[in-house]
Trainee: 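Quick one: this structure, given as structure tokens, is what I'll be asking you about.
Chain letters run A, B, ... following the sequence lines, proteins first and then strands; every chain starts at 1.
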There are 2 protein chains.
Amino acid sequence: MTTTLRDRRRRQTEQDICAAALALFEQHGVAGCTSDDIAAAAGVSSRTFYRYAVTKERAALLVQADIEDAFEAGVAALRPTEPLLPQLESLWTEVLRRHENGRSASGRQLRSLYRLLRTEPTLRAAAVAVDDERRAGFTALLAELTGAAPSDPTPRVLVEVTTAVVRAALDRWSEAMDDPATYGEPDLVTLYGEAVTAFRAMTQP
Amino acid sequence: MTTTLRDRRRRQTEQDICAAALALFEQHGVAGCTSDDIAAAAGVSSRTFYRYAVTKERAALLVQADIEDAFEAGVAALRPTEPLLPQLESLWTEVLRRHENGRSASGRQLRSLYRLLRTEPTLRAAAVAVDDERRAGFTALLAELTGAAPSDPTPRVLVEVTTAVVRAALDRWSEAMDDPATYGEPDLVTLYGEAVTAFRAMTQP
DNA sequence: GAGCATTGTGGCAGTGACTGCCAACTAGAC
DNA sequence: GTCTAGTTGGCAGTCACTGCCACAATGCTC
């Protein structure tokens, strides 16, 4: 067993905190509950709540850490000599498909989160902030992988643009949950595919 | 005179607050000064400081409001029937050129801000949050302008992608200021041009 | 399985960011 | 001049977050 007891505990309390935050945010709104409330609901002291969550809002964002970890791992496994844009696009497709499962617990939590993002500006602010941090990591990784010169804009543009398309898809996903009339059954992978198509259409007229 | 005295006062204190925030952030770091400090330096009470700045960090971000206002105005003046991507790209070029002036006061403040963004994570978090808010506005405007269906991903993708390229350029700009050895004389418009070139290269292999 | 090193946890006190409320003021309209 | 609406300042209060320290649990080693 490579995972020690401490590791498992750690992951467990992390999940507890995240679940508690999502539940309370949904029930009372972000402004309607305190960090102490979340900590208590997760069965943990206020102090350790902050050790895990760093910020009240970020507690709810822990669900998507897995996704971004998966993407980062995928970036490390790219083939730097072949065209990167299509590789990154199919990597995103793969990652999104694997995590969007509406039947798994984390899949449902992910939906909760993105529903909340539409109505909770402070939560959204936190989300874009962590997103930005992660992007910096992706960019550094990609730059190292391709051996690009530090002044070469390519890695940055690549990361910024591909994540921009993903963001467009995620925003539509959020919207679709509150408004199923306009969209049909909202399926994240499909929405991402449509965003990629729109992207292609606009770059090749 | 269409601008009333109140308007002028308002703009003045806004600039005072912004200038004070930038100065203190540069001198003592964001964590090294309180919102009261900034308010006092701007000659205003703590209460009205928050009325203008909303957030301690956002005080410094008021400099770039002009730029985003200019871009938004430009979006409203686009020709919806012609290809939008090149229009948006030249709009950004235009807007950046007009505001990057290193000799004007606001131009120097803009540089200060972007230098700070590299070293101050909380400031950067606030910056990406306001950026996100503005993008939502751009997207809504563009959607209305083109008369796209609400389920059409095109406006969103368009805004996300074009701003993504700008962000890549701005990040390199920040970096260039602290490291003039790697880059030559950092010129924002040039950097943006290079980012656009990289973008083209990666979409048309 | 006892003892030691490492890591995780809780409690507490303190700082400071932000808000609601109200009272005083000031520009603008007539 | 006066009335109205927008603007400001001063509290007082809440709550997010942090540093510090004592204590507990885990993992390692013999």
Trainee: Contacts to DNA chain C from residues 13-45 of chain A, heavy-atom cutoff under 4.0 Å, which residues?
Mentor: A/Val44, A/Ser45
Trainee: Could you check whether A/Thr34 and A/Asp36, counting side-chain N and O atoms only, form a donor-acceptor pair closer than 3.5 Å?
Mentor: no
Trainee: Counting only side-chain N and O atoms of A/Ser46, is one of them less than 4.0 Å from OP1 or OP2 of C/dG10?
Mentor: no
Trainee: Within the side chain of B/Glu100, is there an N or O that forms a donor-acceptor pair under 3.5 Å with the backbone of B/Leu188?
Mentor: yes
Trainee: So which protein nitrogen or oxygen atoms get under 3.5 Å of nucleotides 3-7 of chain C's nitrogens or oxygens?
Mentor:
from	atom 1	to	atom 2	distance (Å)
C/dT6	O2	A/Arg6	NH2	3.0
C/dT7	O4'	A/Arg6	NH1	3.4

Trainee: Looking at D/dT18, D/dT7, C/dG20, which one has an atom nearest to any side-chain atom of A/Arg47?
Mentor: D/dT18
Trainee: Is the closest side-chain donor-acceptor distance between A/Tyr114 and A/Gln64 under 3.5 Å?
Mentor: yes
Trainee: Expected output is a numbered-order residue list: members of residues 123-132 of chain B with a heavy atom under 4.0 Å from any atom of DNA chain D. What is it?
Mentor: none
Trainee: Which listed nucleotide (D/dT26, C/dT9, D/dT8) is nearest to the side chain of A/Leu5?
Mentor: D/dT26
Trainee: Any carboxylate oxygen within less than 4.0 angstrom of a Lys/Arg side-chain nitrogen, looking at A/Asp171 and B/Arg135?
Mentor: no
Trainee: What's the NZ-P distance between B/Lys56 and C/dA17, to the nearest Å?
Mentor: 5 Å
Trainee: Is it the case that the base of D/dG6 and the side chain of B/Arg51 share a donor-acceptor contact (distance under 3.5 Å, atom types as modelled)?
Mentor: no
Trainee: Figure out the CZ/C1' separation between A/Arg58 and D/dC17, and round it to whole Å.
Mentor: 13 Å
Trainee: Look at B/Arg10 and D/dT7 and indicate whether a side-chain polar atom (N or O) is within less than 4.0 Å of OP1 or OP2.
Mentor: yes
Trainee: Does a side-chain N or O of A/Tyr50 approach OP1 or OP2 of D/dG19 to a distance below 4.0 Å, or not?
Mentor: no
